[in-house]
Protein chains: 2
Amino acid sequence: MIAPAGHRTVRRHNLALVLGCVAEAEPLSRARVAERTGLTRGTVSSLVDELITAGLVTELAAERGGPGRPAAPLQLNRNGPAGLGLELGVDRLGACVVDLTGAVRAQRIVPSEHVDADPEGVLDALAELAAAVRAEAALPIAGAHLAVPGIVGESAIVRLPNLSRWAGVDAAGGLAARLGCATGIANEADLAALAELWFGRTPADFLYASIGIGIGAGVVIGGELFRGPGGRAGELGHMVVEPGGPPCRCGGRGCLERLVDLRDLDRSARALGAALTGAVALLDVRTIVLGGLDPAVAEPLRAAVAAELAELDPPVTVTVSDPGAGGALRGAAATVVRAVIRSPDGGR
Amino acid sequence: MIAPAGHRTVRRHNLALVLGCVAEAEPLSRARVAERTGLTRGTVSSLVDELITAGLVTELAAERGGPGRPAAPLQLNRNGPAGLGLELGVDRLGACVVDLTGAVRAQRIVPSEHVDADPEGVLDALAELAAAVRAEAALPIAGAHLAVPGIVGESAIVRLPNLSRWAGVDAAGGLAARLGCATGIANEADLAALAELWFGRTPADFLYASIGIGIGAGVVIGGELFRGPGGRAGELGHMVVEPGGPPCRCGGRGCLERLVDLRDLDRSARALGAALTGAVALLDVRTIVLGGLDPAVAEPLRAAVAAELAELDPPVTVTVSDPGAGGALRGAAATVVRAVIRSPDGGR
DNA sequence: AGCAATTAGTACGAACATCGAACAAACCTC
DNA sequence: GAGGTTTGTTCGATGTTCGTACTAATTGCT
């Protein structure tokens with residue numbers, strides 16, 4: 001409720017509407033787009049023209065079949081602006097390029113132990129990796145997004161529990177300078193949750209629990225990431241599971257993160273069950289996705305956690321993350337192209 | 001991303017923009033509204049004309065002061081459409097009328113023990129109470145909203161833990177028929193949280209914990225109520241505080257609701273502290289408002305809970321609800337007028 | 001008194017995006 | 001090859017905002 005609306009606003013809105021429609025169910029003719037969106041065929045034609053000249057949409061050869069003039073199928077431009085995803089893990093670096101449809105066009109992941117390494121040197125290595133996938137994909141890059149294993153504030157890293165040397169480092173800014181394109185940054189669990197939403201088999205509302213070296217979570221409500229007022233929402237690892245238990249660096253006591261040890265699945269499942277029961281009560285999500293797990297551990301843990309939540313009403317479904325979804329790296333890259341699809345005019 | 005935008009949409013948006021601007025900082029001249037909204041003075045004139053003929057805004061006598069033509073102050077119409085708030089408590093009934101500014105223009109609260117009473121009879125009594133406040137306020141009623149102590153689904157009561165005879169009763173529909181106006185329904189804690197937001201001294205992000213016969217919570221994020229996918233979000237009472245503790249009817253074990261007993265403030269504060277620590281981690285709210293408390297208990301409990309949360313980083317503020325905010329009843333009534341202000345054309 | 005300066009609100013034409021309807025294009029079937 | 005059907009484009013009408021010029025009403029200075 002801040003900005004006035006005018007002609008421009010309407011055009012922007014409808015441009016995004018048409019592009020989103022094509023992205024959702026390509027290929028689609030102009031006539032079908034008109035039906036789905038409620039716009040006139042004439043208006044759709046005008047909007048599609050603009051999207052084509054912007055390089056976001058392409059028109060395929062006419063498709064003959066039934067009676068009447070054959071439709072010209074529209075689809076997202078596979079050679080249009082792409083997203084560059086970057087990952088700074090505790091023990092690896094990753095980079096990938098995703099095209100407008102979300103397909104991975106190039107990807108590299110290299111092990112890289114950098115707990116004690118100089119952040120600037122790591123950023124150099126990451127930029128080099130990015131250059132390699134960019135060259136391989138040979139697509140125009142609309143922007144980049146970086147996944148980090150920690151809490152992210154306003155475009156700067158606030159806390160990386162397992163990478164203490166990064167405290168206060170402006171990783172997004174450093175990469176933007178090295179790469180020459182706008183670079184966002186977000187929590188690894190949040191981006192993995194989005195990948196699960198876009199490329200996995202989740203409903204529009206779920207909690208993604210990333211159970212790795214720490215425990216993080218990404219919460220998706222209504223198909224949107226729920227970040228909370230300060231961007232720190234979903235800190236599942238600091239739910240209190242054992243009141244009066246061992247103190248945690250967060251200031252609480254008996255936090256989940258300190259009680260989960262995957263060598264003891266029963267104990268871990270009980271702790272996760274308690275934390276997730278609370279999360280379900282508070283957020284009202286009915287699906288839990290467990291991610292970041294070793295394949296050998298995943299299914300037993302899933303079953304044990306599901307048993308802990310079995311009595312809840314309404315019932316809660318517990319699943320394991322979809323390996324095809326692509327994780328935080330693809331989520332980061334897809335975040336960029338999703339932003340393009342949401343506002344095709346690119347902010348003017 | 002569903003509806004196409006056109007002239008109509010723009011007009012609606014700007015109408016709401018102007019009305020919201022006046023509501024936020026009345027009285028305000030057309031020129032100031034133009035400055036604040038970014039619209040042209042001409043456009044604002046046109047929009048204000050429409051709002052005045054719709055009976056939502058009134059023009060006061062010109063205000064002389066500095067040089068130049070005196071401004072005609074605009075304000076919300078005190079005699080415009082009003083909201084009817086209704087409350088179905090465990091041991092009382094309430095009704096109130098609130099004008100467009102949110103001011104209470106008539107209010108009645110009567111004790112009424114109806115755990116064993118017939119719902120239809122109770123609705124009759126509530127409708128009668130509503131008729132009385134309507135007559136007293138003598139304002140046109142835009143709609144009604146009902147506050148209930150339980151979980152609300154899609155416009156029907158889903159569960160009222162303390163009023164078992166109401167399971168499955170369509171209270172909103174029954175009241176709409178009796179009152180002759182559209183009637184919404186929501187959880188008591190949610191509406192009390194909104195009252196706190198609109199008429200109290202809270203920031204735009206907080207958790208309101210209603211500690212009465214049960215324990216509920218209303219979560220406000222970014223100035224908006226966070227309801228969750230199924231409208232059940234904020235069930236603080238079913239956070240797990242004592243894993244493996246006594247079973248709860250929700251299917252969990254060791255739920256907060258079963259462990260809080262205000263006669264033992266220390267124990268209650270520890271349990272609340274554990275649940276709220278989890279809520280803070282998950283939702284990232286930094287302010288907790290305690291409501292529904294006896295004045296004698298409120299401050300000691302606040303202090304005890306604040307002590308439990310003292311170590312958290314970033315810090316969390318614990319306050320007691322503002323008695324001037326008006327609680328769920330005023331929140332219900334204000335919900336109606338807020339809806340009018342948000343979409344002044346009334347949906348066409 | 002009278003006149004300039006200042007601010008508020010109104011009037012009018014231009015720009016722009018959608019809508020509706022008519023039209024042209026391309027294919028299928030008979 | 002004629003008729004029917006569906007797709008996509010063209011063109012004028014409608015409606016809303018914007019920019020500019022104009023009128024209105026008051027203060028303050030000469």
Side-chain angles (χ1 to χ4, degrees), chain A residues 2-19 21-22 27-54 57-75 344-345 348, chain B residues 2-19 21-22 26-53 57-75 344-345 348:
Chain A
I2 301 171
H7 311 134
R8 194 93 212 148
T9 319
V10 172
R11 186 74 174 174
R12 256 203 295 265
H13 177 98
N14 288 334
L15 226 36
L17 182 65
V18 167
L19 187 57
C21 187
V22 171
L28 220 54
S29 71
R30 290 172 176 76
R32 293 294 154 81
V33 171
E35 272 176 24
R36 288 196 174 214
T37 58
L39 294 163
T40 314
R41 281 180 305 169
T43 304
V44 170
S45 265
S46 156
L47 291 164
V48 165
D49 280 352
E50 192 168 334
L51 291 172
I52 287 178
T53 59
V57 166
T58 51
E59 194 170 358
L60 299 179
E63 197 176 53
R64 57 190 54 181
R69 170 174 174 175
L74 303 169
Q75 64 173 25
D345 63 340
R348 187 136 315 269
Chain B
I2 299 171
H7 308 133
R8 192 95 212 149
T9 319
V10 172
R11 188 72 174 172
R12 256 205 293 267
H13 177 98
N14 288 334
L15 226 34
L17 183 64
V18 168
L19 187 56
C21 186
V22 171
E26 53 170 25
L28 221 52
S29 71
R30 290 171 176 77
R32 293 293 154 82
V33 171
E35 271 176 25
R36 288 197 172 213
T37 58
L39 294 163
T40 315
R41 281 181 305 171
T43 304
V44 169
S45 265
S46 156
L47 291 163
V48 165
D49 279 352
E50 193 169 334
L51 291 172
I52 287 178
T53 61
V57 166
T58 51
E59 194 171 358
L60 299 178
E63 196 177 54
R64 58 189 53 182
R69 173 175 169 173
L74 302 169
Q75 64 173 24
D345 63 341
R348 187 132 314 267

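This structure is a prediction, so every number in the text was calculated from the model and none was measured. Here is the naming used below: chain letters follow the sequence lines, and residue numbers restart at 1 for every chain.
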Open item on the list: What is the distance, to the nearest angstrom, from the CG atom on L74(B) to the P atom on dG9(C)?
Closed with: 7 Å
Open item on the list: Heavy atoms from C-beta onward define the side chain here; which of dA8(C), dA17(C), dT7(D) lies closest to that of R8(A)?
Closed with: dA17(C)
- [ ] Round to a whole Å and report the spacing from CG of L28(B) to C1' of dG9(C).
- [x] 15 Å
Open item on the list: Walk along nucleotides 18-30 of chain D from 5' to 3' and tag each nucleotide B, S or - by protein heavy-atom contact under 4.0 Å, base first, then sugar-phosphate.
Closed with: BB----BBBS---
Open item on the list: Just the rounded figure in Å: distance from P of dT10(D) to CG of D49(A).
Closed with: 9 Å
TODO: For dT17(D), take OP1 and OP2 only and decide whether either is under 4.0 Å from a side-chain N or O of N14(B).
DONE: yes
Open item on the list: Using a 3.5 Å distance criterion without hydrogens, assess whether the side chain of T40(B) forms a donor-acceptor pair with backbone atoms of T43(B).
Closed with: no
TODO: Just compare dT10(C), dT9(D), dT18(C) and give me whichever is closest to any side-chain atom of R30(B).
DONE: dT10(C)
Open item on the list: Rounding to an integer number of Å, can you tell me how far H13(A) NE2 sits from dT16(D) P?
Closed with: 17 Å
- [ ] Give the minimum heavy-atom separation between V44(B) and R30(B), together with the two atoms involved.
- [x] CG1-O, 3.7 Å
TODO: Please examine the side chains of V18(B) and V48(B), heavy atoms only from C-beta on, and report whether any two atoms are closer than 4.5 Å.
DONE: yes
Task: Heavy-atom pair of closest approach, residues L74(A) and E59(A) - done: CD2-CG, 4.1 Å
Task: Rounded interatomic separation in angstrom, taking CG from L47(A) and P from dT9(D) - done: 12 Å
Open item on the list: As an exercise, state the distance from CG of L39(B) to SG of C21(B), rounded to the nearest 0.5 Å.
Closed with: 9.0 Å
TODO: Write down the distance between CD (E59(A)) and P (dG8(D)), rounded to a whole number of angstrom.
DONE: 8 Å
Open item on the list: Among residues at least two apart in sequence or on other chains, which ones pass side-chain hydrogen bond (donor to acceptor under 3.5 Å, both in side chains) with R11(A)?
Closed with: S46(A), E50(A)
- [ ] Could you tell me whether S46(B) contacts a base, only the sugar-phosphate backbone, or nothing, with contacts defined as non-hydrogen atoms closer than 4.0 Å?
- [x] nothing
Task: With sequence neighbours excluded, residues passing side-chain hydrogen bond (donor to acceptor under 3.5 Å, both in side chains) with E35(B) - done: none
Task: Of A71(B) and L15(A), the one whose closest DNA chain C nucleotide lies more 5' - done: A71(B)
